[in-house]
Amino acid sequence: MDVLTAYRPAFLENVPVSIQVIAFGAIAISAYIAYSLLTIERPLKGFPVVALTERGLSPKWSWYSAGTETVAKGLKEHNAPFQVITGTGPKIILPNRFADELRAREELNFPKAFEKEFFVNYPGFDGHRQGLIDDWFIQEITRVKLTQSLNLITHDLVDETTAAVHDVFGEDTEWHTAALKDNVAEMVARLSSRVFLGLPLCRNRRWLDIAKDYTIDSFIGSQLMRIAPPILRPVSYWLIPNCTRLRKQVRDARKLIMPEVERRKERAQKALEAGQKPPKTADTIGWMYEVGRGRQVDYVAAQLSLSLAAIHTTTESTAQALIDICRFPEVVQPMREEIIQVISENGWTKASLQKLRLMDSFLKESQRFTPMSTLSMNRYVEKELELSDRTVLPVGSRFLVAAAFQDPSMYDEPEKFKAFRFSDKRQEPGQANAWGHVTTNSSHLGFGHGQHACPGRFFASNEIKVILCHLLLKYDFDLVDGEVPPTINFEVNKSISPKSKVSLRRRKEEIVLDLESPS
Ligand code: HEM
């Protein structure tokens, strides 16, 4: 009390303490209101705001809790650009017919569309920050280096799959249940890390946990931050356990990855000093060094950025494929026959994976039937842009394009799962290359579209195919109690529940899939 009175201004001496407390409270509340009014993200002019008001939901809560329904309502009512109000301000939603005209516009930026969403200035969100520092770095590593090496790394993918399938799903020939999502995530983390970081780091337990958890923690952490009012976010950041975990993941990743980077740099330096070319490695540390071309590279943030793009997306797609194998068991026999024929005739090469036409079609249909999101092509508008219908997208606005996965004008009986609809389409004259798993077009935005379409899709498709070849020939799968695993929905995103399970038993594969001398 002595301290308080010592620092109390003289003019407050005769004011009762209760009045002082009330006055202080009033000032704090006014400051909060003023700050909120100044920083509030107002709706954009000229775009109708869509909300599920009939359910008593505000625009923000419509987006948080029922984003897919909100978008469906907007598309039905307007069939023209409209806006939704997200936790980080308004976003314009464009009907699918705009996808093609926006695919290569220079006025648009991809990483900036996520800047506000992922709180990139807070420690722990380093992987998200990487894209903003240099928006083409990860793109180039993936699109150029990784994709050009697909033949070279097929051997590594098969080798790691052989070991991972055995470790993860085991050899039990009796029917039993196992975790679906977590086991698939473990396999994807191992395979991706084998290619990104090589042996032995790809089997390091702490790194695998970081690779699996970093994306989930940054998504949940940022979602919770978005729900909190802006003024409370600096406080909530320190209270949200996911944010605490993110900081630790970055610290630990640095301890694991940097010694390897230093070893490589030293080796390259020694080679240069001896007048030789530095040794080339077919993994992302080496590619980052090359693509960096002498620039300062944050190898850890870049690895985390790759994990963000690669692990969760590939896990979801593979787990969804397994669910669809269980739901539509008639797909199993034709796909098994195809694997046996292609791999026994051609062995494991990039070209063999391209020959798996039925599996390719099945994967594309699986993406269409249960998409991770009903919106795609997240973009930030850097320069004002006029659309063909004369709508003007203002500078600083963000938009998304509606996918058309269920549009009957694009798909025959879209409500049905037709595993081989795309392989059938590819038989039509001139359509052989138009409907591959990795081909993007406006009617299938599973990998986005245009300049920023997923550059990792060629790798992802091959990785999933190698995993499925092993799983289909080595196991029988079924749903647990005939139930399709539930999903977790937030905004417009869908994710298979982490608690999901699958029934399985080991079967004898018809051909040898494993490499003769695994690492
Ligand atoms: C099945 C798995 C995957 C799916 C469904 C997927 C999906 C997507 C989508 C929808 C986009 C946004 C495209 C757009 O807006 O036009 C994207 C971007 C991206 N993806 Fe993937 N992805 C997958 C796997 C991967 C993998 C394995 C990597 C890396 C090895 C990767 C790297 C990237 C990168 C770097 C971007 C940003 C592109 C840019 O900045 O222009 N993705 N992905």
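All heavy atoms count here, side chains included; hydrogens, waters and symmetry mates do not. Both ligands and their constituent atoms are indexed starting at 1 by order of listing.
- Not a single heavy atom of Gly450 sits less than 4.0 Å from an atom of ligand 1.
- Between Gln139 and ligand 1, at least one N/O pair is under 3.5 Å apart.
- Counting atoms of ligand 1 from 1 in the listed order, those under 4.0 Å from a heavy atom of Met377 are 15 (O).
- Counting only heavy atoms of the protein, atom 36 (C) of ligand 1 lies nearest to Pro455 CD, 3.4 Å.
- Side-chain contact annotation: Glu316 with Ser495, donor-acceptor N/O pair under 3.5 Å present.
- At under 3.5 Å, not a single nitrogen or oxygen of Glu463, backbone or side chain, sits near a nitrogen or oxygen of ligand 1.
- When His452, His449, Arg379 are ranked by how near their heavy atoms come to atom 15 (O) of ligand 1, first place goes to Arg379.
- For atom 42 (N) of ligand 1, the closest non-hydrogen atom of the protein is Cys454 SG, 3.0 Å.
- Here's the thing with Arg457: none of its N/O atoms is less than 3.5 angstrom from an N/O atom of ligand 1.
- At least one heavy atom of Met372 sits closer than 4.0 Å to an atom of ligand 1.
- Close approach of ligand 1 to Phe459 is summarised as follows: ligand atoms under 4.0 Å from at least one heavy atom of the residue are 27 (C).
- Listed by number with element, the atoms of ligand 1 under 4.0 angstrom from any heavy atom of Leu146 are 30 (C).
- Nearest to atom 28 (C) of ligand 1 among the protein's heavy atoms is Gly456 CA, 3.6 Å.
- At the shortest separation from atom 1 (C) of ligand 1 among protein heavy atoms lies Ser317 OG, 3.2 Å.
- With hydrogens and angles left out, the side-chain atoms of Thr86 and Glu491 include no donor and acceptor closer than 3.5 Å.
- Under a 4.0 Å N-O distance rule, the pair Lys418/Asp424 does not qualify as a salt bridge.
- Annotation: atom 23 (C) of ligand 1 to nearest protein heavy atom, Thr313 OG1, 3.3 Å.
- With ligand atoms numbered from 1 in the order given, ligand 1 contributes 10 (C), 13 (C), 14 (C), 16 (O) to contacts under 4.0 Å with heavy atoms of Gly448.
- Under a 4.0 Å criterion applied to the non-hydrogen atoms of Ala453, ligand 1 contributes the atoms 13 (C), 16 (O).
- Distances between N or O atoms of Thr142 and those of ligand 1 include no value under 3.5 Å.
- Ion pairing of Arg254 with Asp298 is present here, as a side-chain N (NZ or NE/NH1/NH2) and a carboxylate O approach within less than 4.0 Å.
- Within the structure, the closest approach of Phe196 to ligand 1 falls below 4.0 Å when heavy atoms are considered.
- Annotation for ligand 1: atoms under 4.0 Å from non-hydrogen atoms of Ile138 are 35 (C).
- Nearest to atom 26 (C) of ligand 1 by heavy-atom distance, out of Ala310, Ala321, Ser307, is Ala310.
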Test ring pair (Phe, Tyr, Trp, His ring centres under 6.0 Å) applied to Tyr122 and Phe118, step by step: CA-CA 9 Å; Tyr122 286 82; Phe118 287 107; over 10 Å; no

